[in-house]
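Contents: one structure, followed by commentary.
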Amino acid sequence: MGDYKNIFNLRNCTAVITGGAGMLGSEFAGGVASYGANIALVDIDKDKCQNSAQELASEFNIKAKGYCCDITQEDQVNKLAEDLLNDFSSVDILINNAAVQPPGFFASLCDYPLSTWQKVLDVNMTAVFLMVKYISPHMKKRKQGNIINVSSIYGVVAPDQRIYRGAEYRGNQINTPLAYSATKGAIVQMTRYLAAYFAADGIRVNCITPGGVYSGQNKTFLENYSARVPLGRMAHRHEITGAVIFLASPASSYMTGQNIIVDGGWTIW
Ligand SMILES: NC(=O)c1ccc[n+]([C@@H]2O[C@H](COP(=O)([O-])OP(=O)(O)OC[C@H]3O[C@@H](n4cnc5c(N)ncnc54)[C@H](O)[C@@H]3O)[C@@H](O)[C@H]2O)c1
């Protein structure tokens with residue numbers, strides 16, 4: 001019989017979360033910290049990730065530290081991996097969560113600045129490669145590791161352009177640009193590739209695919225979006241976290257290369 005009472009236990013594990021100061025990253029950190037994981041928050045926003053780490057440490061009685069790092073810069077990621085291993089005895093879980101919306105992000109396709117396109121690719125996709133490049137050797141050495149990538153429904157299906165008529169987020173017109181869909185689609189395929197590549201090294205690699213999360217979208221967008229969702233609404237941020245805890249924990253020990261879609265049913269019709 002399995003030890004089901006401890007199936008989510010993350011004590012003595014360290015989880016590294018990129019974009020750890022952001023909306024979902026901080027939620028994911030709280031989720032895995034609730035099950036005892038020590039936390040390394042990695043973000044370009046120094047104050048926010050260091051303050052959040054302090055709060056996590058005192059709330060959950062764990063070790064937590066914030067690391068200011070631009071994960072698109074190879075030398076910084078290399079140094080980050082060294083610092084992580086000096087500060088924590090191991091890195092057990094890597095959650096590749098960071099994403100960016102640089103200036104020009106919502107421009108229409110034929111006006112899309114190449115520099116914006118490149119920046120989105122750098123953070124959303126290339127940085128995942130860099131994090132894996134520098135963290136996986138340590139996991140390989142220990143013959144255990146767990147990598148969780150974060151995609152989006154727009155990496156799985158095409159955005160329905162109709163929902164953006166009159167849509168605003170924090171006062172700005174929004175849409176889902178090709179750069180976002182392209183990188184999020186790549187993340188799903190990188191998950192499969194990396195899962196197969198590292199399987200013999202005891203490293204699992206899975207992906208979660210969230211649907212849209214409430215975060216200040218205007219009423220028009222909420223109505224347009226909700227009409228497309230079988231469950232009839234956007235997600236609350238805590239509703240995405242259960243899948244992350246599951247993938248981070250021994251509960252999913254026989255899963256690798258999979259993508260868990262948490263979207264209220266958006267992608268089923
Ligand atoms: N919010 C949603 O509705 C939604 C839906 C589907 C998928 N997602 C995915 O979830 C993840 C988190 O999204 P979010 O809404 O919490 O975003 P967010 O903008 O709140 O957080 C992203 C974090 O990444 C950090 N970051 C950006 N560039 C960086 C860099 N170069 N180096 C280090 N850190 C950097 C930012 O500072 C920020 O704290 C993303 O991968 C996103 O694509 C979000």
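Start at 1 and go down the list; that is how both ligands and their atoms are numbered. Side chains are part of it too, since the values below use all heavy atoms of this structure and drop only hydrogens, waters and symmetry mates.
Heavy-atom proximity to atom 37 (O) of ligand 1, evaluated over Asp43, Val150, Ile208, Asp45, is greatest for Asp43. With Tyr180, Tyr214, Tyr67 as candidates, the residue nearest to atom 8 (N) of ligand 1 on a non-hydrogen basis is Tyr180. Between Gly19, Gly212, Ala99, it is Ala99 that holds the heavy atom closest to atom 27 (C) of ligand 1. Across Asp263, Val262, Ile44, heavy-atom proximity to atom 35 (C) of ligand 1 is greatest for Ile44.
The protein heavy atom nearest to atom 1 (N) of ligand 1 is Met23 CE, 3.3 Å. For atom 3 (O) of ligand 1, the closest non-hydrogen atom on the protein side is Val213 N, 2.9 Å. The nearest heavy-atom contact from the protein to atom 6 (C) of ligand 1 is Pro210 O, 3.3 Å. Of the protein's non-hydrogen atoms, Asn97 OD1, 3.1 Å is the one closest to atom 12 (C) of ligand 1. The protein heavy atom nearest to atom 31 (N) of ligand 1 is Asp70 OD1, 2.9 Å. Leu24 N, 4.1 Å is the protein heavy atom nearest to atom 14 (P) of ligand 1.
At least one heavy atom of Gly211 sits closer than 4.0 Å to an atom of ligand 1.
Side-chain polar atoms of Thr183 and Asn124 form a donor-acceptor pair below 3.5 angstrom. For the residue pair Tyr67 / Asp87, a side-chain donor-acceptor distance below 3.5 Å is found, with atom types taken as modelled. Between the side chains of Tyr134 and Glu74, at least one donor N or O lies within less than 3.5 Å of an accepting N or O.
Taking the six-membered ring where tryptophan is involved, the planes of Trp266 and Tyr154 are perpendicular, since the angle between them exceeds 60° and thus also 30°. Taking the six-membered ring where the residue is Trp, Tyr164 and Phe221 present parallel rings, their angle staying beneath 30° rather than reaching 60°.
Both Ile95 and Val213 are part of a single hydrophobic cluster, where members link through side-chain heavy atoms under 4.5 Å apart.
Under 4.0 angstrom from ligand 1, the non-hydrogen atoms of Cys69 all belong to its backbone. If you look at Val123 next to ligand 1, the close heavy atoms, those under 4.0 Å, all belong to the side chain. Residue Ser151 touches ligand 1 through its backbone alone, judged by heavy-atom distances below 4.0 Å. With a 4.0 Å heavy-atom cut-off, ligand 1 is reached by the side chain of Lys184 but not by its N, CA, C or O.
For Asn12, the CG atom counts as loosely surrounded, since its 6.0 Å shell holds 12 or fewer non-hydrogen atoms of other residues, nucleotides or ligands. The neighbour count for Asn61 CG, taken as heavy atoms of other residues, nucleotides or ligands under 6.0 Å away, does not exceed 12.
The atoms of ligand 1 that sit less than 4.0 Å from any heavy atom of Gly22 are 20 (O), 21 (O), 39 (O). Taking a cut-off of under 4.0 Å to the non-hydrogen atoms of Ile71, the atoms of ligand 1 that pass are 30 (C), 31 (N), 32 (N), 33 (C). Within ligand 1, counting atoms from 1 as listed, the ones closer than 4.0 Å to a heavy atom of Ala21 are 39 (O).
There is a protein heavy atom closer than 4.0 angstrom to atom 20 (O) of ligand 1. Distances from atom 17 (O) of ligand 1 to the protein include no heavy-atom value under 4.0 Å.
Ion pairing between a basic and an acidic side chain is recognised when a charged N comes within 4.0 Å of a carboxylate O; Lys65 and Asp83 show no such pairing.
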Passes side-chain hydrogen bond (donor to acceptor under 3.5 Å, both in side chains), Arg204 versus Ser252? Steps please. CA-CA 9 Å; Arg204 299 194 290 122; Ser252 61; 3.0 Å; yes
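Each of Asn96, Asn206, Thr209 was scored for a side-chain hydrogen bond (donor to acceptor under 3.5 Å, both in side chains) with Asn149, with one residue passing: Asn96.
Within the cation-pi definition used here (under 6.0 Å to the ring centroid, within 45° of the axis), Lys63 qualifies as a partner of Phe88.
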